Amino acid sequence: MEQGKKDETLTILDNRTGKKYEIPVTDGTIRAMDLRQIKVLDDDFGLMSYDPAFTNTASCVSHITYIDGDKGILRYRGYPIEQLAEESTYLETAYLILHGELPDERELAEWMWNITHHTMLHENIKKFIDGFHYDAHPMGMLISSVAALSTFYPEARQIHNTASRLKQTFRLIAKMPTLAAFAYRHMIGMPYAYPDNDLSYPGNLLNMLFKMTEVRYNPNPVLERAIDVLFILHADHEQNCSANAMRNVGSSLVDPYSAIAAAIAALYGPLHGGANEAVLRMLNEIGTIEHVPAFIKKVKAGEGRLMGFGHRVYKNYDPRAKIIKRLADEVFEVTGRNPLLDLALELERIALQDEYFVNRRLYPNVDFYSGLIYQAIGLPIDMFPVLFAIARTSGWIAQWEEMLQDPEQKIARPRQIYHGEEQRDYVPIDKRKYQPSESQAAER
Ligand code: ACO
């Protein structure tokens, strides 16, 4: 929400008591705590607002990312995503997101040096990864190994120490690609490839993923840039499920590795970062263009969702999806066209004309096309959300930093409306009557 006018108020008439209340409106928002004064009896708790899934609740004031979902606008620190995707690099964008301003030449060089020189992992991390099954999902491996980093850097618990926070920031952004690549190499039974600090951030990721026996891995510049752009697009997205997890868990003042592990877990789900994976599984299931109408029919009948479509905030074309669609063409020039692209285009064509999707304002989101690029680059579907997690790390840290600096924030702890049993007395086990459920009774 952009800043609104000052001195606006809302008058509330409580029909239970006939009392009137005047409540300040700031930035188009009332404070939930201003409702607490509204009571029937003096010893009442006071009025609360009920908002499952936080669909109409601002949980913080933020300066990082601005989204206008109706207009399809996304900006980091005021800079339009289209300009950043065109002109910037992921590391520069990460600096911007974290520091609030674009770096000058010296600041950028220092920032890149610091990230580059924290890419190595403690050798013991390899032992954890070795312990996973060959078919372990890499998001599971990433969650666990990021959480494990907290045990290597116990000083990370000093979350009020600025220098320590900065050090953990370097480490997290630097080590995430190494952890991701190690998880991938474990999946395919290949020896781990160590970081090459002479390469760019995305170039080094490609090196650690795909290096074989060559002495020096030379990343393809088109693919290197494609990864960089995808990472810019995924770097932050204000108060989404994983950012909220980062702030929520971080508000207990736990170390950032543990909070990021929670954020990655939130990202893993198919309704969030797991959607790019789900899109590819859906496209594979549909198989051919002829099956598209039948699939759309099933979605409209409520039998599953069109993955990669719809967004809580965007009720217009996701601006990131537009950029990714263009990027896909550049990547396919190098890798060859992903045969699933035609299927995706046909799904989009039909869905954008269909009343069901039009009325609900469902458009392709960032994940509809990103998976096709990752697949063309040679990554298995399971790795897609892992790449997303690498990119989002800078956003999570920025959200966490902002939460820690905000004097209004404290441990996140929502209220509830209790609809359970009233108080009752404990019944000893021999006095409890066994009541079979309906299905158990029917089986008898
Ligand atoms: N396919 C079919 N119908 C859909 C879809 C979809 N992808 N998304 C929403 N709808 C329908 C719902 O069934 C609902 O219809 P109804 O009003 O008849 O009940 C209506 O549109 C509104 O949907 P909600 O679920 O209320 O919307 P919400 O804002 O809660 O959900 C979400 C947003 C989770 C992204 C949803 O659109 C979805 O599940 N999309 C598919 C998963 C996906 O692509 N997720 C990635 C999001 S981007 C990201 O996290 C990086």
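Note that ligands are numbered from 1 as they come in the structure, with each ligand's atoms numbered from 1 the same way. A quick note: this is a predicted structure, and the numbers were derived from the prediction, not measured.
Relative ring orientation between H122 and F152 is described as tilted, the plane-to-plane angle lying within the 30° to 60° band. A tilted orientation is assigned to the rings of Y268 and H137, their planes being inclined by 30° to 60°. The aromatic rings of H272 and F388 lie perpendicular to each other, with more than 60° between the two planes, well past the 30° mark.
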If you look only at distance, which donor and acceptor atoms sit under 3.5 Å apart when one is on a side chain in residues 295-308 and the other is two or more places apart or in another chain?
residue : atom : partner : partner atom : Å
K300    : NZ   : D354    : OD1          : 3.3
K300    : NZ   : D354    : OD2          : 2.9

Are there any protein N or O atoms under 3.5 Å from the N or O atoms of ligand 1? List them with distances, or say none.
residue  : atom   : partner : partner atom : Å
ligand 1 : 1 (N)  : L306    : N            : 3.0
ligand 1 : 3 (N)  : Y356    : OH           : 2.9
ligand 1 : 7 (N)  : L306    : O            : 2.7
ligand 1 : 7 (N)  : F309    : O            : 2.9
ligand 1 : 13 (O) : R305    : NH2          : 3.3
ligand 1 : 15 (O) : R360    : NE           : 3.1
ligand 1 : 18 (O) : R360    : NE           : 3.1
ligand 1 : 18 (O) : R360    : NH2          : 2.9
ligand 1 : 25 (O) : R305    : NH1          : 3.1
ligand 1 : 25 (O) : R305    : NH2          : 3.0
ligand 1 : 29 (O) : R312    : NE           : 2.8
ligand 1 : 30 (O) : R312    : NE           : 3.4
ligand 1 : 30 (O) : R312    : NH2          : 2.8
ligand 1 : 39 (O) : R305    : NH1          : 2.7
ligand 1 : 40 (N) : F309    : O            : 2.9
ligand 1 : 44 (O) : G308    : N            : 2.9
ligand 1 : 44 (O) : N365    : ND2          : 2.9
ligand 1 : 45 (N) : L271    : O            : 3.1
ligand 1 : 50 (O) : H272    : ND1          : 2.9

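Listed by first then second residue, pairs satisfying side-chain hydrogen bond (donor to acceptor under 3.5 Å, both in side chains) with a partner in residues 321-330 read K325-E348, not counting sequence neighbours.
Partners of Y201 under the ring pair (Phe, Tyr, Trp, His ring centres under 6.0 Å) rule, at least two apart in sequence or in another chain, are Y90.
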